[in-house]
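Data block below; observations after.
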Amino acid sequence: MGADVGAPDPNRELLDLARRIAVSAGELAATRRAVGVEVAASKSSAEDVVTFADREVEQFIRGSLADARPADGFLGEESTDSASVGTSGLTWVVDPIDGTVNYLYGIPAYNISIAVVEGEPDPQTWRALAGCVVNPVIGEVFTASDARGAFLGTTPLHVNPSVGLSQALVATGFGYSSDVRVKQGLVLAGLIGQVRDIRRIGAAALDLCYVAAGRYDAYYERGLNPWDHAAGALIAAEAGARVTGFGMAAAGRDFTLAAEPLLAARLEPIIRALFDDAGL
Ligand code: IPD
């Protein structure tokens with residue numbers, strides 16, 4: 001983090017493209033939602049569904065990116081079997097509708113998440129260059145680019161100042177496998193008495209943006225996919241959060257924690273011990 005406002009942003013065009021496509025994709029998702037949403041298939045479990053709108057929105061995003069930047073790779077939630085590698089060294093990491101279950105039920109907390117990363121499309125090694133998360137229901141557009149800060153619309157974002165554990169509002173999420181959810185529930189039960197309270201809104205990219213915006217003090221989850229956190233993690237980090245996995249690992253499927261750095265350092269060993277106790 002640390003916006004270098006003097007120098008031009010080398011990732012400006014990438015960010016503008018991500019924003020433009022995410023806003024249009026959000027309009028498409030909201031239009032389809034207004035008509036009614038249908039489940040197209042289930043994925044990892046019966047609870048893990050994909051709607052026809054998820055697929056249509058991803059096709060729209062993928063096609064728009066291919067038109068604008070044919071040499072870039074693509075990694076999207078609904079087309080993992082046909083992820084494209086690209087030749088430019090950049091990959092677009094896309095969740096067409098993050099918060100699919102909210103979308104299905106008409107809960108106004110879903111988003112379109114688009115990030116562009118440099119290097120292998122692996123969260124452990126990639127460098128995120130730009131990201132945009134759009135909640136089309138309330139018209140919120142979160143953006144960030146590498147070393148240029150994070151924004152909600154045109155307003156710069158900053159994480160909350162450090163708070164003690166007992167004052168921390170902490171968000172989390174759960175996986176789609178019921179066995180995993182039970183263990184995640186045990187972790188939550190161990191944590192809830194030590195913090196101010198817990199939130200679970202069901203959309204990881206928004207969770208990360210809400211840390212950036214100071215709406216939560218912290219967010220953690222295990223089991224995230226790259227497209228769930230690629231854009232949101234950059235936005236949180238650019239707003240001053242420490243975004244990590246366990247120990248020295250980068251945020252990813254094994255663990256993602258985002259919080260103001262002192263709070264993150266306090267929370268990490270506590271959450272890690274609770275996961276160990278829960279056998280996860
Ligand atoms: C899910 C949401 C949810 C999180 C899950 C994600 P999806 O993404 O972000 O909040 O707890 O881990 O898989 O399936 O709605 O794109």
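Heads up: numbering here begins at 1 and tracks the sequence. Just follow the structure's listing: the first ligand is 1, and inside any ligand the first atom is 1.
Close contacts of ligand 1 with A204, meaning ligand atoms under 4.0 Å from a residue heavy atom, involve 2 (C), 9 (O), 10 (O). Near L224, with a cut-off below 4.0 Å to any heavy atom, the atoms of ligand 1 are 12 (O). Residue contact check: G99 has heavy atoms under 4.0 Å from atoms 7 (P), 15 (O), 16 (O) of ligand 1. Each of the atoms 16 (O) of ligand 1 lies under 4.0 Å from some heavy atom of D95. Within the listing of ligand 1, atoms 11 (O) sit less than 4.0 angstrom from a heavy atom of G173. In the vicinity of E77, heavy-atom distances shorter than 4.0 Å reach the ligand 1 atoms 14 (O), 16 (O).
Cation-pi geometry between R222 and F275 is met: the NZ or CZ atom falls under 6.0 Å from the ring centre, inside 45° of the normal.
With hydrogens and angles left out, the side-chain atoms of R148 and N11 include no donor and acceptor closer than 3.5 Å. In summary, the side chains of S113 and D228 do not present any donor paired with an acceptor at a separation below 3.5 Å, with no hydrogens or angles considered. Checked by atom type, the side-chain pair E260/S162 shows a donor-acceptor distance below 3.5 Å. In this model, no donor atom of one side chain and acceptor atom of the other lie less than 3.5 Å apart for D98 and Y110. For the residue pair D67/S64, the side-chain donor-acceptor check at 3.5 Å is not satisfied.
Taking each of D98, I97, T100 in turn, the one with a heavy atom nearest to atom 8 (O) of ligand 1 proves to be D98. For atom 7 (P) of ligand 1, the candidate residues are F174, Y176, Y110; the nearest heavy-atom contact is made by Y176.
At a heavy-atom cutoff of 4.0 Å, ligand 1 is contacted by the side chain of R200 but not by its backbone.
With sequence neighbours left out, F246 forms a ring pair (Phe, Tyr, Trp, His ring centres under 6.0 Å) with F255.
Heavy atoms of A203 approach ligand 1 to within less than 4.0 angstrom.
An N or O contact shorter than 3.5 Å links G202 to ligand 1 by distance. For the pair D207 and ligand 1, the shortest N or O to N or O distance does not fall below 3.5 Å.
Remark: of the listed residues V57, L28, T51, I114, V57 is the sole one forming a side chain to side chain contact (heavy atoms under 4.5 Å, CB included) with P96.
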